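Report on the following structure.
Bear in mind the structure is a predicted one, so any value in this text is a computation, not a measurement. The chains referred to below are lettered A, B, ... by the order of the sequence lines, with proteins before strands, and numbering in each begins at 1. The figures that follow rest on heavy atoms only: side chains count, while hydrogens, waters and symmetry mates do not.
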Amino acid sequence: MDYFDRQPTDKLLHLYCQLLLLRLFEERVYHVFLQGELPGTLHQYQGQEAVAVGVCDHLSHTDWITSTHRPHGHAIAKGVSSRAAMAELYGKATGCCGGKGGSMHLGDPAVGMLPAIAIVGGGNSVVIGLGLAFKLRKTQQAAVCFFGDGATNEGAFHESLNFAAVQNLPIVFVCENNLYGASTAYHKVSRVTDVAERAKAYGVPGVIVDGMDVLAVHQSAAEALAQARAGNGPILLECKTYRFIGHSRSDARGYRSKEEEAEWKARDPINTLGGRLLGSSRATEAQLGAIEASVVAELDDAVEFSRNSPDTTPEMALEDAYA
Amino acid sequence: MDYFDRQPTDKLLHLYCQLLLLRLFEERVYHVFLQGELPGTLHQYQGQEAVAVGVCDHLSHTDWITSTHRPHGHAIAKGVSSRAAMAELYGKATGCCGGKGGSMHLGDPAVGMLPAIAIVGGGNSVVIGLGLAFKLRKTQQAAVCFFGDGATNEGAFHESLNFAAVQNLPIVFVCENNLYGASTAYHKVSRVTDVAERAKAYGVPGVIVDGMDVLAVHQSAAEALAQARAGNGPILLECKTYRFIGHSRSDARGYRSKEEEAEWKARDPINTLGGRLLGSSRATEAQLGAIEASVVAELDDAVEFSRNSPDTTPEMALEDAYA
Amino acid sequence: MPEQQAAERKLTIAEALREGIAEEMRRDPNVFLIGEDVGIPGGFGGAFGVYLGLPEEFGAERIIDTPISEKAIAGAAIGAALMGMRPIADMQYSDFLFECMDELVNQAAKMRYMSGGKLKVPMVMRAPVGATNRGAQHGQCPESFFIHVPGLKVVCVSDAYHAKGLIKSAVRDDNPVLVFEHKLLYGSKGRAMAGGIELTTHVPREEYLVPIGKAVVKRPGSSVTVVATHISLYRALAAAQELAAEGIECEVIDPLSLVPLDTETLWASVRKTGRLVIVHEDTLTGGWGAEVAARAADECLFSLEAPIKRVAAHDVPLPVAPIMEQTVVPSVARIKATIKGICQ
Amino acid sequence: MPEQQAAERKLTIAEALREGIAEEMRRDPNVFLIGEDVGIPGGFGGAFGVYLGLPEEFGAERIIDTPISEKAIAGAAIGAALMGMRPIADMQYSDFLFECMDELVNQAAKMRYMSGGKLKVPMVMRAPVGATNRGAQHGQCPESFFIHVPGLKVVCVSDAYHAKGLIKSAVRDDNPVLVFEHKLLYGSKGRAMAGGIELTTHVPREEYLVPIGKAVVKRPGSSVTVVATHISLYRALAAAQELAAEGIECEVIDPLSLVPLDTETLWASVRKTGRLVIVHEDTLTGGWGAEVAARAADECLFSLEAPIKRVAAHDVPLPVAPIMEQTVVPSVARIKATIKGICQ
Ligand SMILES: Cc1ncc(C[n+]2csc(CCOP(=O)(O)OP(=O)(O)O)c2C)c(N)n1
Ligand SMILES: Cc1ncc(C[n+]2csc(CCOP(=O)(O)OP(=O)(O)O)c2C)c(N)n1
Ligand SMILES: [Mg+2]
Ligand SMILES: [Mg+2]
C-alpha cells in the first residue's frame, strides 16, 4: 500500500486544493499584472507547486520558512492569506508587508514566514539563525529554507549548510532544482548533476525527490522534518522540478526547448494528483470542480479586496527603518 | 623502486636545502622579532615546509601562486630571495613589497607570487582569475592556490572551486590541513574529516597527501600540475600537516595537547628527508652540514642586508594607491 | 535642418555601451566580458540587454557566463586583470555588489598598493542602479560606498554619448573602475517609465573617449550650482527649467565621475553662484553628496551665500509601492523646493 | 585622597566590555555570543581576549565558536535576532566585515522595513578597528561604510566607562548595532603601543547604561570644536593640550555614536566656537567626517568663521612599515597643524 493509498481522502483533497490555489493565484496575478495593476516585476511559481505544498503541509505557524525572489507559492502554502498576499503585490497598505515588500519580499511573521529574500542565497544565510534560536530554546520548532539550483553556487549555500551541520540545527534545506538559474542551465554551472551530491561535503544527508509529485515531496519532507526536530541536524532535499513560465515576466525562454517544456508540463503536479484521485475513486469530477470553484471565488475576493484596499501614504514610506 | 630512489641526488639535496632554508628563515625571523626588530605580528610556517617546497619545485616564475596570512614559506619556496623577504619583514624600502605589504602580504610578481592575501579564502577568489587568464591565452602556465583547513569553510572556497571546475582552469588548490584554524580544531567546524572529500561536490579530484613528506607532496603535485596544464581542470590536494609553532607570535597553544605536538614533531619533514639521504648513503653528514652552513650564511646576509637597508619615507606611503 | 538630421545618430545608453564595449573588444584581445546570463544563447544579453549580439561576434570564450557566484566573478576579474587582461565584469544589479565586497575593497583596491606598486588591476565592474518598484534589494544606488575605497575609481553615466566614451576610458584605465548606470536611463524600458526623459543622444560614428575625472556643465546658470547624476540629473534639469521661469538660474553639473572628482569645474561654478545643491538617488547619510559638501565647506566656504543642501533618497530602505518609492527618491518637486529655499 | 582612591575602580576597555557582556548575559537568557575562536578551551577568548572567563561561566551553548564563515556568523545572528534572541556577534577584525556585507546591508538593515515593521533585528556586531602595523587588510576603520546603511546604528567606543555602558545599551537596542573598538585602546597591548595613553578609566560597580546617540564633551573650549573618535580622540586631546599653551582653546567632543549622531551637542559647540575640525582614522574621502561637515555646512553655515577641516587617514590602503603607517593615520602633529591653520 503506497503513500498515496495511506493518506486519508480529506488530506489528499486538501493537498489538491492547495496545489490549485497556488496555480490559480499565479495565473490571476499574471492576469492583473498584464492589465497594469501591479508595480514592479514578477517571478512566478507555476509548475513547482508540489514542492511548496508538500513541504509546508507539515509546518505549523511556529515553524519558519525563508524564501526567495520567487516566493508567491511558498507564501500561500505557508498560510499567508490570498488577500494579504495579493494586496502586497498591489502595493497596498493592507498587504502582508504593508506595501513595502512587494512580490520579491512576500512574507508574514504571523504565519512563520520571513519576508522573502531576493538576494540569491540570502535565505540560506539567515535561516541558520532561525534554527539556532530553536536549538538554544530547546523547542520542537523547525526551519525550512527554500532556494533554487542557482543558489547552490553562492558562498552562502556552503557556509550555511556547513554551519547548520556542525551545530546540528533543525533545518530542512529544500532545493528546488528547476534546471535553470534565470537563463543558465545548471549543467553549465556545475559539474555534478545532482545538488544532493553536494550535501556529502558537509556530512549531511542529501535526498533526491520528484518535485512534480506532491506526495513524493510530502513523504520525504515528513521524514526530513522528523530527523531535524529529533536533533539530528539538517537535511538537504533536492526536488527536481520545472518552472512552466519564464524566469520573470519578460522572458521569451529562448534558452530552453519547447520539447523540454512539453515533457515537464506532461508531469503537471495538479493533473497528476487529480488523476490519481479520480482513478482511485477517492474523488469525483464534481468534487474537484467544487474545489476549483471555491479557489476561484477566493481569488476573486482577494483581487477585489486588493483593488478596494487603501493606498499607502508618503508618511508610511519613512516609517519602519528602525524599531 | 620508489619515488625517492628515482630522484637524482642533486634534486634530493636541493629539496633538503629548500626545506632547511624555509625552517631556518622562520627561526631567524622569530629571533629578530623577539629582539624587537620587526613591526606587526607573525604567522609562521615551521612544520609545514614539505608542502611549499614539494609543490613549488615544479613551478617556474611564469607559474603563479596565491598565499595566505602564513606566507613566508610559500614566498621562499617560490623563489623570493631571502634578502627581499627579510627586508619586507623589516619594513624596509628594499623589501619585496617596498615595505608596504609586510609579513601578511609577502609576495613578488617577479617570481610569480601575488602579494599574500591575509583574508582567509581571499586567495581562493583571486586565483581563478589567474587560471582564467592562462586559459584564455592558451599558455601552459598553471596557478597554485595555497590555503588552510580553516579557509575551506569560507564561501570563497566553494565559489572558487566550482568556478574553476566548470571553466576547466589550470589550477591546483593546495589545502594545508594543519588540523587547526587559529585555536579551532577542524573537526569542530566540519563533519567531514578530509577536506579532499569536499572536492567531489564540484566533480573535482580530491587527493590526500602526507604533508610531512616532501617527496609525497612532490609526487602528487607533479601529477596534479600535469593534469591542470593538460586542460583537465583543477585538482584539490589536501596535505595533512602541522604547524610546530603557535598560530601567531602570541599563542600559548593551550587548545592542543603536548602529546599531539610531540607526535607530529617526530615526523619533522627535514629530519625525515635527512634521514633517508643518510640512510641511503645519498649524502654524508658533512654534505648536509655544508648545506646548513650555506643556508645560515644566506640568512646572516639577509638580516644584515635588511638592517642596513634604507627605511621607507613618508612620501612613499602616499604612492601606489593608483596606477 | 535635414543635413543635421542626417548627421545625427541617436543611440540609447544600452546601445552606446554595447558599441563601446564591442569597439574595445575588437581593439584589444585582452578585453573580455564576464558575468551571469551575459552570453547564453537565447538568453537576455545581460540583465538589461546591453550585450545582445556580442556573443555572436566574440564567442563564448570572451563572453563568459558564470555560476551565480559574485565572489567568483569579482575574483576572476581581479586575477585576470593582475595577469594583464582587461576584464569587464557584470553585476546584474548593483545591490549584489555587497556579495563581492571583500574582493572589491580588500583585493581589487589594495593589491597594487600591497605589492609596492608592482602590480595593477585594470578591470571594469558594471553595475545598474536605481529604484524601479522592485523593493529594498533591487533598487539601491550604492556608488557612495565605493568612493570610500582608495584604489577604486567610480563613474556614473547619464547619457549615451558619455556612456560610450566613459566605458571605453574605463576599459583602458589601469585601475579598477566601477561604472554605475541607472536602469531607467538604458532606454530599454522606454520613456514612460523614465518620466518622459529623452533617452537617446547623438553618438558620433568616429572613435572618441570621455576622460574619467572631468565634469560637464549641462546647463549654465548664475543663481545656484546643482550637482547631480543619473536620473536625478534629469530631474534637476527639469527643476531648473521650471525655476528659470521664476528667475532662478541653475547651473546644473554632471560630475560623470565621483572618484576622481572634478572639483575644479565644481568650485568654479560655486564661486560664481555662491550656492550649492547636490542631488542623488543614493541615500542621504554618508552619501557622496556629503563628500562634495564637505570639500566645498573646506575649499570654498567663503564663497557660500547659503547653506549647502543635499537632496537625496531618504534614509530608509526602498519600498515597493510606487507612492512610497516616489516619496523616498528625489523628485522634481523636492529638488525645486530645496533650491528655492536657498535662493530667496 | 585615599578615600577617593579606594572608590576608584580602574578598568581597561577589554575588561569593561567583558563585564558589560557578562552582566547582560546574566540578565537576559536571550543574549548569546557567536564568533570565531571566542570560546575554545585553552584558546584566546576572542582575538583580543575580551571574552576570557566567559565560557567558564556561560558554557559553550551561549558562547558559540563558529567555522571561519563570516556570512554564517552574520546570518546566524540576524536569524536568531529575528526570533527574539539578542546575539552579540564577533568579527576578529573589522576588515572582515566585508565578507558579510550582504548580510549586514541587505538583510540585517532591511528585514524590519521589508516586513512592514512587523519584525526587528536586535543584534550587536563587535568589530575591532585601527592600524597596528599589520597592513592593508588588518587595520582598517570601516565604520563610515555603515553610517550609509539606513537601519543600522553605529557606535564607536573610546574608553572603558563608555564601552561598558554602550555595549549594554547596544545589547538592549531593538536594532542592529555595530560597535567599533580600537585595538590600541583595549589595554591588552599596554600603554607603550598606544602612545602613552592612559588606558583605564573608573567604572562604577553599580549597573549603568550609556545612551546611544548622545555625545560627550571631553574638553571644553571656546576657539574651535574638534570631533574625534577612538585613538584619534586622544591624539586630538593631546593636540588640544599643546594648543592651549598657545592660547587656542579646543572643545573636544567624542560623538560616541555616529548613527544616530548627536548634532545638538555638536552644533551647540560649533555655534559657540565658529570652527569645526573632524578627526578620524578612517580614510578621508567618503568618511564619516564628510557627513558631519556636510550637515554643519547646512545646519550652521553662518556660524562658521573658518573652513571646516577634516583630519583623516590619507586615501591609501594601510602600509605595514611604521614610518609609512604613521604618515597615513592622523598624528598629533597633523591635528595640531590643521587646527592652528584655521585659528589664526
Ligand atoms: C546575489 C544575487 N545574484 C544574482 C541575482 C539575480 N537573479 C535573480 S533570480 C536569479 C536566478 C536564480 O536561480 P535559482 O536559484 O535556480 O532560482 P529560480 O529562479 O530558478 O527559482 C538570478 C541570477 C540575485 N537576485 N542575487
Ligand atoms: C575572512 C577572515 N576571517 C578571519 C580571519 C582571522 N584569521 C586569520 S588566520 C585564521 C585561521 C586560519 O586557519 P587556516 O585557514 O587553517 O590557516 P592556518 O592559520 O592554519 O595556516 C583566522 C581565523 C581572517 N584573516 N580572514
Ligand atoms: Mg532554478
Ligand atoms: Mg589550519
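In terms of non-hydrogen atom pairs under 4.5 Å with chain A, the most contact-rich of D:A81, D:P29, D:A72 is D:A72. Interface check for chain A: of the options D:C100, D:G117, D:A109, D:G151, the most heavy-atom pairs under 4.5 Å are formed by D:G151. Most heavy-atom pairs under 4.5 Å with chain D: of the set A:S160, A:P109, A:G98, A:A116, this distinction falls to A:P109. Between chain D and the options A:G95, A:G107, A:C96, the largest number of non-hydrogen pairs under 4.5 Å is found for A:C96. For chain D, the option among A:F134, A:F163, A:Y322 with the highest count of heavy-atom pairs below 4.5 Å is A:Y322. Of the listed residues D:E103, D:K110, D:K118, the one with more heavy-atom pairs under 4.5 angstrom with chain A than any other is D:K118. Ranking A:H158, A:M316, A:H105 against chain D, the residue ahead of the rest is A:H105, based on heavy-atom pairs under 4.5 Å.
In this structure, the portions of A:A317 lying under 4.5 Å from any heavy atom of chain D include both its backbone and its side chain. At a 4.5 Å heavy-atom cutoff, the contact between A:N162 and chain D is made by side-chain atoms alone. Interface remark: A:E319 contributes backbone atoms only to the contact with chain D (heavy atom separation under 4.5 Å). Only the side chain of D:V259 comes within contact range of chain A, with heavy atoms under 4.5 Å apart. Residue contact with chain A, scored on non-hydrogen atoms closer than 4.5 Å, involves the backbone of D:L152 exclusively. Contact annotation for D:N30: only side-chain heavy atoms (C-beta onward) come within less than 4.5 Å of a heavy atom of chain A. D:D174 touches chain A through backbone and side chain together, each having a heavy atom under 4.5 Å away. Only the side chain of D:P67 comes within less than 4.5 Å of a heavy atom in chain A; its backbone stays farther off. With a 4.5 Å cut-off on non-hydrogen atoms, D:K71 touches chain A through its backbone and its side chain both. Only the side chain of A:L132 comes within contact range of chain D, judged by heavy atoms closer than 4.5 Å.
The shortest heavy-atom contact between A:A133 and D:M83 is CB-CB, 3.6 Å. Listed here is the closest heavy atom pair of A:P115 and D:L119: CD-CD1, 3.4 Å.
Other residues, nucleotides and ligands contribute only 12 or fewer heavy atoms inside 6.0 Å of the CD atom of D:E264.
Between D:E61 and A:K138 there is a salt bridge, since at least one side-chain N of the basic residue sits less than 4.0 Å from a carboxylate O of the acidic one.
For the atom pair OG of D:S69 and CD1 of A:I128, the computed distance is 8.0 Å after rounding to the nearest 0.5 Å. For the atom pair CG of A:D320 and CE of D:M111, the computed distance is 14.0 Å after rounding to the nearest 0.5 Å. For the atom pair CD (A:Q167) and CD1 (D:I34), the distance works out to 6.5 Å, reported to the nearest 0.5 Å. D:M85 contributes atom CE, which lies 4.5 Å from atom CG of A:L136 (distance to the nearest 0.5 angstrom).
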Checklist line | Criterion side-chain contact (heavy atoms from CB on, under 4.5 Å) on A:E159 and D:I73, from CA distance to verdict | finding: CA-CA 9 Å; A:E159 293 191 17; D:I73 292 169; over 6 Å; no

